[in-house]
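What follows is a single structure, written as structure tokens, with notes after it.
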Amino acid sequence: LQRRLGVTTVYVTHDQVEALTMGDRVAVMKDGILQQVATPRELYERPANVFVAGFIGSPAMNLLQLPVSANGVKFGDTEIKVEKNILAKTKEKTITVGLRPEDVVVAKTGLALVVDVIEELGADAFIYGSVELDGVKADVTVRVESNGSVKAGSTIHIAPNGAAHLFDAESGERLN
């Protein structure tokens, strides 16, 4: 209707799914402060900060505090390679790494994930579990093909298999 009439419409909602499906451009606010204005695709693929990253997407992006290493960021017994110029943007010893559930895979090495629940959705399934990082549990969601190979209560290893979003651990602002 909006396009047919050629009018601009401002629509306010707290439902991010509704905003992403209805909006041509979406403004994300937190506590009355504008965080990012972009197309739904841009918000999903390049969130400006940790708040937008955790708010946009269903299920939400996994946000993990990971230690900086010589060539990137340690991900359990593997490593996410990061360009030196990106690492130079932060003085922190950890970086907040954001991984969408579809950008994490079950692997032979990586972070050990204790599986809590498996949500079967037909062709796909979501694995909900937790990893331990520096003595602190962090929740993680992984999207996998639904084949019944992972069971609740088991421990599996996960690794990144796609875009890793890097954020400054202190400011929460995007680094890459």
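Scope of the values below: all heavy atoms of this structure, side chains included, with no hydrogens, waters or symmetry mates. Quick caveat: nothing in here was measured; it's all calculated off a predicted structure.
Hydrophobic clustering places I95 together with L99 (ILVMFWY residues linked when any side-chain heavy atoms are closer than 4.5 Å, directly or through intermediates). Placement of L66 and V50 in two distinct hydrophobic clusters is found when ILVMFWY residues are connected by side-chain heavy-atom separations under 4.5 Å, directly or transitively.
Below 30°, between 30° and 60°, or above 60°: for Y128 and F126 the angle between ring planes is between 30° and 60°, a tilted geometry.
Side chain of Q16 to backbone of G57: a donor-acceptor contact under 3.5 angstrom is found. Without hydrogens or angle criteria, S154 side chain to V150 main chain gives no donor-acceptor distance under 3.5 Å. Using modelled atom types, no side-chain atom of D31 and backbone atom of I33 make a donor-acceptor pair closer than 3.5 Å. T109 places no side-chain N or O within donor-acceptor distance of the main-chain N or O of D77, the cut-off being under 3.5 Å. Looking at D168, its side chain never comes within 3.5 Å of a backbone N or O of E173 through a donor-acceptor pair. Panel note: side chain R100, backbone E102; no donor-acceptor pair is recorded below 3.5 Å.
Distance CG/L175 to CG/N85: 10.5 Å, rounded to 0.5 Å. Taken from NZ in K89 to OG in S171, the straight-line distance is 11.5 Å, to the nearest 0.5 Å. Distance CG/L64 to CD1/I158: 7.0 Å, rounded to 0.5 Å. The distance from atom CZ of F55 to atom CD of Q35, rounded to the nearest 0.5 Å, is 11.0 Å. Of the inter-residue distances, the one linking N176 atom CG with R46 atom CZ reads 6.5 Å to the nearest 0.5 angstrom.
Put simply, the residue from V104, T155, I127, V106 that forms a side chain to side chain contact (heavy atoms under 4.5 Å, CB included) with L113 is I127.
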Should R41 and E45 be marked as a salt bridge (Lys or Arg N to Asp or Glu O under 4.0 Å) after you check the CA-CA gap, both sets of side-chain angles, and the distance that decides it?
-> CA-CA 6 Å; R41 176 62 37 203; E45 292 178 351; 3.4 Å; yes

